[in-house]
Protein chains: 2
Amino acid sequence: MLRLSKLTDYATVILSFMARDKAQVHAAMEIAAVTGIALPTVSKIMKLLVNADVLISTRGAKGGYALARIPEKISVATVISALEGPIALTECSISQQGCEQASGCDIRGNWNLINQTINNALESVTLADLIRPAAMPEEVLIPVASLYR
Amino acid sequence: MLRLSKLTDYATVILSFMARDKAQVHAAMEIAAVTGIALPTVSKIMKLLVNADVLISTRGAKGGYALARIPEKISVATVISALEGPIALTECSISQQGCEQASGCDIRGNWNLINQTINNALESVTLADLIRPAAMPEEVLIPVASLYR
DNA sequence: ATAATTGAGGACTATTTTAGTACTATTTAA
DNA sequence: TTAAATAGTACTAAAATAGTCCTCAATTAT
């Protein structure tokens, strides 16, 4: 599958919690307790999200992390690239250099198109969409007959 | 970044070569020689592509591999899932079971939406598109001034 | 028929990546 | 000034991936 790292997965869980909870500031320890993710791992993720301007940190006593802006303005693409770097399927799409695979790599330009499409898809989904009650289409579509087996 | 495995990358290179070359049948050894990928690795990739009905194999002397259909009918999505399994960003989107992350995972339904979008993007691009001379937009957009530095 | 050529399948190993941990420094409120 | 909190860095362990090798099966040419 098209892998996302576990850290990215955790990040969405953490951000969802923060977006749902009214409190503005959350300490790393509190988040670790609520989500069940180990504290050092939470810290690591928070640091990356701060660097990507998704979160704002406050040090010292009563410090903690807060969303840098409203959930509607935080795209999934931003979160993913904060954790994994630029969103692209192939190395060469990032490096601007092309690859050294001498024979048979005129493919690059076209990969860019694909990457762009995927990027657009991820840009269009925000944190607010993620915490919205899910549509759960597959459950709606289960044929009634299957309930009687 | 949203990683594709190296094997998938190789697969696109191999398939591009095969789609461009007039000859119908290519032995694994020939492909290894042309692409510079080690023979055992080529074999491994070919095996997966045969199982996914992207290639057809012929054993024995004068045997080899041929595309199962015209490049226009081979989607990038097919190739990727042949090498990496189902296209999805999160585990839970595949397993149909949801995850055990007790607190805070109502996200699933929405991830499905994202995965679907990405899948559509990859379905819409074919091998034929990949070997088409690339548009190379970034080269076109270089300001002329930059040539004089 | 038989030998040569080519793919199929599976098991194994090594490498790389990722996850997770620990420790130390820095900042700020009480 | 002390306690509470994040920042940063380096290290370790585990898991995933890539790559190799070996044996078996099939086909064709001699």
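Since the structure is predicted, the reported quantities are computational estimates derived from the model, not experimental observations.
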Handout entry: dG19(D) OP1/OP2 closer than 4.0 Å to side-chain N/O of Tyr10(B)
Key = yes
Practice task
Determine: side-chain N/O of Ser5(A) to OP1/OP2 of dA19(C), distance under 4.0 Å, yes or no.
Solution key: yes
Problem - Nearest-Å distance for atom pair CD1/P, residues Ile14(B) and dG19(D) - result: 11 Å
Practice task
Consider the side chain of Pro40(B), meaning its heavy atoms from C-beta on, and name the nucleotide among dT6(D), dT20(D), dG7(C) that approaches it most closely.
Solution key: dT20(D)
Exercise for the section: Return the value, rounded to whole Å, for the distance between atom CG of Leu83(B) and atom P of dA16(D). Expected result: 18 Å
Handout entry: Protein-nucleotide distance (Tyr65(A), atom OH; dA5(D), atom P), rounded to Å
Key = 12 Å
Exercise for the section: Among Ile, Leu, Val, Met, Phe, Trp and Tyr joined by side-chain contacts under 4.5 Å, find the other residues sharing a cluster with Leu39(A) and list them by chain and number. Expected result: Met29(A)
Completion exercise
Between Ala38(A) and Leu39(B), whichever has its closest DNA chain C nucleotide further toward 5' is Leu39(B)
Practice task
Answer yes or no: is there a side-chain heavy-atom contact under 4.5 Å between Leu122(A) and Ile80(A)?
Solution key: yes
Problem - Side-chain H-bond candidate by donor/acceptor type, Thr8(B) with Glu84(B), under 3.5 Å - result: yes
Problem - From Leu55(A) atom CG to Lys47(A) atom NZ, the distance as rounded to the nearest 0.5 Å - result: 13.5 Å
Fill in the blank from the handout: Whole-Å distance, His26(A) NE2 to dA4(D) C1', equals 18 Å
Handout entry: Qualifying residue for side-chain contact (heavy atoms from CB on, under 4.5 Å) with Ile45(B), from Val50(B), Ile14(B), Leu15(B), Ile31(B)
Key = Ile14(B)
Problem - Nucleotide dT17(C), atom P - distance to NZ of Lys6(A) in whole Å - result: 18 Å
Handout entry: Other residues, nucleotides, ligands: >12 heavy atoms within 6.0 Å of Gln24(A) CD
Key = no
Completion exercise
In numerical order, the residues of residues 43-57 of chain B whose heavy atoms come under 4.0 Å of DNA chain D are Lys44(B)
Exercise for the section: Write down the distance between CE (Met29(A)) and P (dA3(D)), rounded to a whole number of angstrom. Expected result: 16 Å
Handout entry: Between C1' of dA4(C) and NZ of Lys62(B), the distance in whole Å
Key = 13 Å
Practice task
May I have the distance from Asp9(B) (atom CG) to dA18(D) (atom C1'), rounded to whole angstrom?
Solution key: 13 Å
Practice task
Return yes if a side-chain donor-acceptor contact under 3.5 Å exists between Ser75(B) and Glu123(B), otherwise no.
Solution key: yes
Exercise for the section: Decide yes or no, distance alone: a donor-acceptor N/O pair under 3.5 angstrom between the base of dT28(C) and the side-chain of Arg59(A). Expected result: no
